[in-house]
Amino acid sequence: MEKAEGAFLTISELASELDLPQHILRYWETRFTQLRPLQRSGNRRYYRPADVALVRRINHLLNVEGFTVRGAQKALADGSGDPLPASVAPVKNGESRPGADLLPRLEAIRAALAKAIGE
């Protein structure tokens, strides 16, 4: 059974969705001050929808765009860390992304790069 859109995710659910180890998410919490999931008893983490969007953006900056941690921190701080366009958003488990949508994804990346360099 899949969770409803907007439901809180545990660290294991989010790590599984992004195909990342849980310790990476915990490390990002120490490096990105904006990332503060709820912590309940036993330090169990619950990621709100805004936290999930931020983690996806951090993941995209680091693992797709090739930013360093410091570069990703700067990108988020100066506003170029805007949420991902829908055409670049990560694929959920079990979904496939056909090659037919490659052009819109590349155009979204191009627009983001043009915005970043001030064109």
Side-chain angles (χ1 to χ4, degrees):
M1 183 171 145
E2 195 165 310
K3 285 192 171 185
E5 187 72 28
F8 289 17
L9 297 179
T10 64
I11 192 169
S12 62
E13 291 168 334
L14 185 56
S16 175
E17 178 181 312
L18 297 175
D19 196 28
L20 291 169
Q22 293 178 26
H23 73 270
I24 296 295
L25 296 176
R26 287 189 291 271
Y27 171 74
W28 288 351
E29 289 174 29
T30 68
R31 296 292 171 234
F32 297 92
T33 57
Q34 309 94 318
L35 182 58
R36 291 286 167 236
L38 292 176
Q39 289 191 356
R40 298 285 164 90
S41 62
N43 286 332
R44 189 165 170 89
R45 289 165 169 80
Y46 290 95
Y47 291 84
R48 297 168 284 232
D51 297 322
V52 172
L54 179 59
V55 167
R56 286 181 180 146
R57 182 64 184 141
I58 292 168
N59 185 50
H60 185 80
L61 288 170
L62 295 174
N63 297 320
V64 175
E65 294 185 34
F67 279 68
T68 62
V69 170
R70 181 165 286 173
Q73 289 169 332
K74 185 178 182 322
L76 290 171
D78 70 13
S80 59
D82 296 334
L84 293 172
S87 61
V88 188
V91 175
K92 293 182 180 178
N93 288 341
E95 292 180 3
S96 63
R97 186 178 276 159
D101 70 344
L102 182 59
L103 184 59
R105 289 186 1 225
L106 290 173
E107 288 172 343
I109 293 169
R110 181 179 180 192
L113 290 172
K115 178 182 171 189
I117 61 172
E119 287 186 2

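Predicted model, so just to flag it, every value in this text is computed and none were measured. The first residue in the sequence is number 1, and the count goes up from there. We use all heavy atoms of the structure for the numbers below, so side chains are in, but hydrogens, waters and symmetry mates are not.
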Handout entry: Ion pair check, Glu65 and Arg57, cut-off under 4.0 Å
Key = yes
Problem - Tyr46 versus Arg48, side-chain donor and acceptor atoms under 3.5 Å - result: no
Handout entry: Heavy-atom check, side chain of Tyr47 versus side chain of Leu38, under 4.5 Å
Key = no
Practice task
Taking the side chain as every heavy atom from C-beta outward, state whether Leu20 and Asn63 have any atom pair closer than 4.5 Å.
Solution key: yes
Practice task
Taking all heavy atoms of Pro21 and all of Ala15, pick out the closest pair and write down the distance.
Solution key: C-CB, 4.3 Å
Problem - Point-to-point distance, once rounded to the nearest 0.5 Å, from CG of Leu61 to CZ of Arg56 - result: 14.5 Å
Handout entry: Close side-chain approach of Arg31 to Arg70, heavy-atom, < 4.5 Å
Key = no
Handout entry: Nearest heavy-atom neighbours spanning Leu25 and Val55
Key = CD2-CG1, 3.6 Å
Problem - Pro37 versus Arg45, closest heavy-atom pair with distance - result: CG-CG, 4.3 Å
Practice task
Specify the closest pair of heavy atoms between Leu35 and Asp51, including all atoms of both residues, with the distance to one decimal.
Solution key: CD1-O, 4.0 Å
Problem - Side chain Ser16, main chain Glu13, donor-acceptor under 3.5 Å - result: no
Exercise for the section: Look up atom CD in Gln73 and atom CZ in Phe67, then write down how far apart they are to the nearest 0.5 Å. Expected result: 12.0 Å
Practice task
May I ask you to test the Phe32-Leu54 pair for a side-chain heavy-atom distance under 4.5 Å?
Solution key: no
Handout entry: Any side-chain heavy-atom pair of Val52 and Phe8 under 4.5 Å
Key = no
